[in-house]
Trainee: 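First the structure, which I've put down as structure tokens, then a few questions once you've had a look.
As the structure is a computational prediction, the values presented were derived from the model and not from experiment. Chain letters run A, B, ... following the sequence lines, proteins first and then strands; every chain starts at 1.
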2 protein chains.
Amino acid sequence: MTGSVRDDVALGALGESLGFLLRLSQLESFRDFYHGLGDLGMRPGEFSVLMLIAENPRIRQGVLAKKLMIKRAHMTKMVQAMEAEGLVGRSVPEDDKRSIELHLTKAGHARIAAMRTPFEAHEARNLTRLSDAELAEAKRLLKKYLGLPE
Amino acid sequence: MTGSVRDDVALGALGESLGFLLRLSQLESFRDFYHGLGDLGMRPGEFSVLMLIAENPRIRQGVLAKKLMIKRAHMTKMVQAMEAEGLVGRSVPEDDKRSIELHLTKAGHARIAAMRTPFEAHEARNLTRLSDAELAEAKRLLKKYLGLPE
DNA sequence: TATTGTTATACTCTATAACTATA
DNA sequence: TATAGTTATAGAGTATAACAATA
């Protein structure tokens, strides 16, 4: 039996640290993501890349990397893996031949479509402890913290 | 010059995802942590371990690992490194010789004391975009999301 | 000169399983 | 048998620097 010893832990100043709370919350959220979408063979980071390409066809790798706070070197590997999987296509634009534009293949769109319902279920699960209003307020505050538009 | 192309990116459904917002917010917060405390040779995770040991003398490794959502195998390595640095001491309690109790050494306490002011400055920096009241509300909501006491 | 994407390297973090010693 | 910590291994994420092609 677990918890028999005494595992109530005082958090002290850490319990009032935004960064600490963000870290734990993010781990909790990712855990739920894997719980609901793990079988679909996609991690949160990959999912976000796919979603952003879908929303922004012909987006460039560097722009995508910056937006997702992923290093360009890492983005290269992710995108190459997704291209090998047949989810993403790449093309060099005429106006800047250094860069690479990304788009979803048919399979990429299908993958997103397949994940949509379990993803929404995952999002809905966040309501177990937070009310609708609280969840909305939490999102609003995080967006403001990030400097994102309302 | 950066931003000359057009790097306004539509987030779509992702922009309304709590997990996605948590992820970006956490990265932003950690970035600031490194900016303010990086020179002190301690990462956010190590700092949280040190703080929790300080708050809970004689805490057991497994309890600490569970609270911080760190795998026990990883916690072993972290604690060993901190012991090698002379920050943490370990002892086997009489009542359960399988387990290990942790405490801070004098150097460990000194390290925390040295980090206190820059850590508070880091926390204060979170107020640049959020008001006092908003920051407090954000923390309250995250704690509730985590199932932590008020 | 600066930027885009690439490659290579190293380190951290995570996940898993097998192991030991205790319970 | 179950649990606490350890070890080993593999994979994923991150950071950095050097490079080629292009701007």
Trainee: Scan A/Thr105, A/Leu104, A/Val88, A/Leu102 and name whichever one has a side-chain contact (heavy atoms from CB on, under 4.5 Å) with A/Met82.
Mentor: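 Going through A/Thr105, A/Leu104, A/Val88, A/Leu102 one by one, the side-chain contact (heavy atoms from CB on, under 4.5 Å) with A/Met82 is satisfied by A/Val88 alone.
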Trainee: Going by the salt bridge (charged side-chain N to carboxylate O under 4.0 Å, His left out) test, which pairs reach into residues 34-43 of chain B, not counting sequence neighbours?
Mentor: B/Arg43-B/Glu46
Trainee: Could you state the CZ-C1' distance from B/Arg60 to C/dA23, rounded to the nearest angstrom?
Mentor: 12 Å
Trainee: Atom CD in A/Glu94, atom CD in A/Glu101: separation rounded to 0.5 Å?
Mentor: 10.5 Å
Trainee: What nitrogen or oxygen pairs link the protein and nucleotides 7-12 of chain C at under 3.5 Å?
Mentor:
{"from": "C/dT7", "atom 1": "OP2", "to": "A/Gln80", "atom 2": "NE2", "distance (Å)": "3.1"}

Trainee: Which atom names give the shortest non-hydrogen contact between B/Glu55 and A/Gly12, and what distance separates them?
Mentor: CD-CA, 3.5 Å
Trainee: Provide, to the nearest angstrom, the distance between the CG atom belonging to A/Leu68 and the P atom belonging to D/dA12.
Mentor: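 In whole Å, D/dA12 P lies 19 Å from A/Leu68 CG.
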Trainee: Give a yes or no on this: more than 12 heavy atoms of other residues, nucleotides or ligands lie within 6.0 Å of atom CZ of B/Arg90.
Mentor: yes
Trainee: I need the minimum non-hydrogen distance between A/Tyr145 and A/Leu22, along with the two atoms involved.
Mentor: CE2-CD1, 4.2 Å
Trainee: Round to the nearest Å and state the distance from A/Leu64 atom CG to C/dT4 atom P.
Mentor: 14 Å
Trainee: With sequence neighbours left out, what residues match B/Lys143 under salt bridge (Lys or Arg N to Asp or Glu O under 4.0 Å)?
Mentor: A/Glu16
Trainee: Find the distance B/Met75:CE to D/dG5:C1' and express it as a whole number of Å.
Mentor: 12 Å
Trainee: On DNA chain D, check which nucleotide each of A/Glu94 and B/Gly62 is closest to and give me the residue with the more 5' one.
Mentor: B/Gly62
Trainee: Reading DNA chain C from 5' onward, which residue's closest nucleotide shows up sooner: A/Ser99 or B/Tyr34?
Mentor: A/Ser99
Trainee: Closest nucleotide of DNA chain C for B/Asp95 versus for A/Leu27: which of these residues is on the 5' side?
Mentor: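 Looking at the nearest nucleotide for each, A/Leu27 comes out on the 5' side.
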Trainee: Check the distance between D/dA12's C1' and B/Lys71's NZ and give it to me in whole angstrom.
Mentor: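 Going from NZ in B/Lys71 over to C1' in D/dA12 covers 14 Å.
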Trainee: Give one of base, sugar-phosphate or nothing for B/Arg90, where a contact means two heavy atoms less than 4.0 Å apart.
Mentor: sugar-phosphate
Trainee: Could you state the NE2-C1' distance from B/His35 to D/dA15, rounded to the nearest angstrom?
Mentor: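 The answer, rounded to whole Å, is 17 Å.
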Trainee: Can you measure A/Gln61 atom CD to C/dG5 atom P for me and round it to whole angstrom units?
Mentor: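 Distance check: A/Gln61 CD to C/dG5 P gives 5 Å.
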Trainee: Would you kindly give the CD-to-C1' distance between A/Gln26 and D/dT14, to the nearest whole Å?
Mentor: 14 Å
Trainee: Go nucleotide by nucleotide along DNA chain D from the 5' end; which of A/Met69 and A/Lys97 gets its closest nucleotide reached first?
Mentor: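 Looking at the nearest nucleotide for each, A/Met69 comes out on the 5' side.
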